[in-house]
Asks: 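Take a look at the following structure, please.
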2 protein chains.
Amino acid sequence: MTMTACKNCPLRQKSMFMPFTDEELRFMQSFKTGELKVDPGTTILMEGSNSPQLYTVLSGMGTRYKTLENGRRQVINFLFPGDFTGLQAGIMGEMKHSVEATTQMTLCAFRRDDLWTLFRQHPARAYDLTWIAAVEEHFLGETIASLGQRDAIQRIAWALVRIHERLKAAGLQKANRVPLPFRQQDLADALGLSLVHTNKTLKTLRSKGLAHWNDGVLELCDPPAMADLAMIDLERPQKRPLM
Amino acid sequence: MTMTACKNCPLRQKSMFMPFTDEELRFMQSFKTGELKVDPGTTILMEGSNSPQLYTVLSGMGTRYKTLENGRRQVINFLFPGDFTGLQAGIMGEMKHSVEATTQMTLCAFRRDDLWTLFRQHPARAYDLTWIAAVEEHFLGETIASLGQRDAIQRIAWALVRIHERLKAAGLQKANRVPLPFRQQDLADALGLSLVHTNKTLKTLRSKGLAHWNDGVLELCDPPAMADLAMIDLERPQKRPLM
DNA sequence: AAATCCTTTTGATCTATGTCACAGTTTAAT
DNA sequence: ATTAAACTGTGACATAGATCAAAAGGATTT
C-alpha cells in the first residue's frame with residue numbers, strides 16, 4: 001500500500017473545497033508526514049491525550065465525542081472525508097474529546113510541531129486553518145441551538161439534512177442517497193436523545209415519507225420538507241478550504 | 001473620552017492571559033482601529049450581516065445568540081471581558097449569530113480587512129487567533145455535552161461554575177462573588193431550559209447552600225460541591241492569548 | 001401617587017421524552 | 001449448526017421539565 005500523493009488527492013477537486021495552487025500543493029505534500037489507516041472501532045485521538053499528530057480524513061467516517069463522569073457519551077460531531085481534526089491538541093496541548101473510527105478510515109497525518117512552521121512560512125494556509133476552525137465553530141453553534149431549542153423530530157430532521165449536505169458536498173451522493181454507516185445510538189448520543197426515542201422518531205420520518213435511513217444508507221425523500229421541518233434556512237453550499 | 005492605549009490595557013496583565021512582548025503590543029496598537037462604546041441592549045453584530053469589524057471586549061458583558069424560525073432564542077455563549085468576537089464574519093464573510101450588549105460595553109475594534117495583513121506580517125498573532133478559536137471550539141463542545149447529557153440542575157451548576165471561572169480569571173472576583181448582570185431568561189436560553197424551571201432550579205441550588213445568584217451577583221458558596229454536581233473535572237485555569 | 005413595564009417567584013397541570021422490558025434480525029464466533 | 005453478541009423495533013409506564021396562570025417586587029414614567 002502506497003501513500004496517496006496530495007497531487008492525486010481524491011478530495012481536493014470536490015466542489016465544496018477551494019482549489020489549491022501548485023505551490024500550495026507542494027507545500028501540503030511536504031507538510032504531510034504520513035498516512036494512517038485504521039479499522040472500525042479504533043480510537044484515533046483520546047480525550048486528555050497530547051497527540052503529536054493532526055489529521056485530515058481522506059476516507060471513511062468517525063465520531064468526535066466526550067464521555068461524562070456518569071458514563072454518558074456525547075457525540076460532538078461526525079467526522080467525514082475532508083474534515084480536519086486534532087487542532088485542539090495541536091494548539092492547546094491536549095485533546096478535549098476523543099476521536100473514534102466508525103468505518104475503516106484513512107487519514108493524512110501532519111506533525112503538530114510543523115504547525116508553527118506553517119504559520120510562519122505559509123500564512124495563506126494558516127488563514128485557511130483558522131477558516132476551518134471558524135466553520136467548525138459555526139456548526140457547533142448550530143448544534144447547540146438544535147439541542148437547546150428543537151424538539152426530537154426537528155433535531156433528527158436537522159441532523160439528517162446537515163449530514164446529507166455534508167456528504168453530498170463531499171461527492172458521496174447518488175440520487176438523494178448517501179452512505180451513513182453509523183448506529184442509531186450514535187445519532188441519539190449526538191442529539192441528546194434516548195435510543196428508543198430516536199428509533200421511534202426515525203420511524204415517524206419514514207412513515208411520513210420524508211427520510212429513510214436503513215442499512216447504512218440515508219435517503220432524503222423530500223429535502224425541502226425536511227428543511228422546513230428542521231427550521232433550517234438551507235444555506236447554499238459554501239466552499240471551504242481543505243487541509 | 002479618550003481611547004485606551006493597548007499599553008494601558010487593563011486586561012493584558014490578568015493572570016489568564018499570556019503576556020505581550022513590546023513588539024506585539026506595538027503591533028496590536030496599530031491593528032486597533034477604534035473603540036466602540038455601546039449601551040445595554042445594543043446589537044453589536046447581527047446574524048447574516050457582514051461586519052467590517054472584529055472586536056475584543058474591553059469591559060462589560062453581552063450575549064452571542066441565534067434566533068430560530070419559531071422565535072425561540074439560543075444563547076450560544078456569554079461575552080465577557082477579554083473575549084474576541086466577529087471572527088466568523090471576518091473569515092466566512094457572514095455572521096452566523098448575533099451579538100448583543102447586556103450591560104454597557106466597551107470594545108476594541110479591528111478592521112476585518114487587516115486580518116489578512118495580520119496573518120502575513122505577524123504569524124505569532126495569527127497563531128494566537130487560531131488558539132482563541134480552538135479554545136472557543138472546546139467550550140462549545142462542552143456546552144453541547146451539557147445540553148445533551150446533563151439534567152437541569154447539572155446544567156445550571158455547570159454553567160455557573162464555568163462562568164465563575166471565567167470571571168474570576170478576568171479578575172472580577174471578590175470573595176467567591178462575581179458580577180453576573182444577566183436575566184434568568186438569558187441563562188434559560190443558554191441552557192435550553194424554560195424560564196420557570198430555571199428559576200426553580202436556581203432556588204434549589206440556593207436552598208442547598210451551593211450558589212446564590214441575586215441582584216446581578218453570583219456567589220458560589222461551595223465550589224467543589226458545585227463542580228461535583230456538574231460532573232466537571234475542574235481544569236486549572238489555562239492561560240490563553242488575548243487579542 | 002398611580003400606572004406601566006420588566007423580572008422574579010410560585011403553584012397547578014400537561015406532555016414529550018426517558019426508562020424498562022422484551023422480541024425480532026443480523027452478523028460474528030465456536 | 002448453535003450460540004452469542006450487537007443492533008433495531010415496539011409496547012407500557014414513569015417523570016423531568018414544559019406550559020399556563022398569576023402574584024409580587026422593583027424600577028421607570030406620567
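Chain identifiers are assigned alphabetically (A, B, ...) following the order of the sequence lines, protein sequences preceding nucleic acid strands; residue numbering begins at 1 within each chain. Owing to the predicted nature of the structure, the values given are computational and were not obtained by experimental measurement. The basis for the numbers below is simple: all heavy atoms, side chains too, and nothing from hydrogens, waters or symmetry mates.
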Asks: Using atom types as modelled and distance alone, determine if a side-chain donor or acceptor of A:Lys96 lies under 3.5 Å from a backbone N or O of B:Gly141.
Replies: no
Asks: Can you see if the side chain of A:Asn199 gets near the phosphate of D:dT8 - specifically, an N or O under 4.0 Å from OP1 or OP2?
Replies: no
Asks: Give every residue pair that meets the salt bridge (Lys or Arg N to Asp or Glu O under 4.0 Å) criterion with at least one member in residues 169-182 of chain A, sequence neighbours excluded.
Replies: A:Arg177-A:Glu219
Asks: Which residues pass the side chain to side chain donor-acceptor pair (under 3.5 Å) test with B:Asp222, not counting sequence neighbours?
Replies: none
Asks: Nearest whole Å is fine: how far is D:dT8 P from A:Arg183 CZ?
Replies: 8 Å
Asks: A:Asn214 has an atom CG; how far is it from atom P of D:dT8, in whole Å?
Replies: 10 Å
Asks: For A:Gln53, what residues pass the side chain to side chain donor-acceptor pair (under 3.5 Å) criterion, not counting sequence neighbours?
Replies: none
Asks: Which pairs pass salt bridge (Lys or Arg N to Asp or Glu O under 4.0 Å) with one or both residues in residues 48-57 of chain A, sequence neighbours excluded?
Replies: none
Asks: How would you give the extent of chain B contacts on DNA chain C, as first and last nucleotide 5' to 3' within a 4.0 Å heavy-atom cut-off?
Replies: C:dT7 to C:dA12
Asks: Is the distance between the ring centroids of B:Tyr55 and B:Phe84 less than 6.0 Å?
Replies: no
Asks: Check the orientation of A:Phe139 and A:Trp158. Use parallel for under 30°, tilted for 30 to 60°, and perpendicular for over 60°.
Replies: parallel
Asks: Think A:Arg73 forms a cation-pi with A:Tyr65, using NZ or CZ under 6.0 Å from the six-ring centre and within 45 degrees of its axis?
Replies: yes
Asks: According to a strict under-4.0 Å criterion, is A:Gln185 in side-chain N/O contact with OP1 or OP2 of D:dT8?
Replies: no
Asks: Would you tabulate the pairs of protein nitrogen or oxygen atoms and nucleotide nitrogen or oxygen atoms of nucleotides 16-22 of chain D closer than 3.5 angstrom?
Replies:
{"from": "D:dG17", "atom 1": "OP1", "to": "B:Ala152", "atom 2": "N", "distance (Å)": "2.8"}
{"from": "D:dA18", "atom 1": "OP1", "to": "B:Gly192", "atom 2": "O", "distance (Å)": "3.4"}
{"from": "D:dA18", "atom 1": "OP1", "to": "B:Ser194", "atom 2": "N", "distance (Å)": "3.1"}
{"from": "D:dA18", "atom 1": "OP2", "to": "B:Ser194", "atom 2": "N", "distance (Å)": "3.1"}
{"from": "D:dA18", "atom 1": "OP2", "to": "B:Ser194", "atom 2": "OG", "distance (Å)": "2.8"}

Asks: Roughly how many Å is it from CG in A:Asp186 to C1' in D:dA6, rounded to a whole number?
Replies: 13 Å
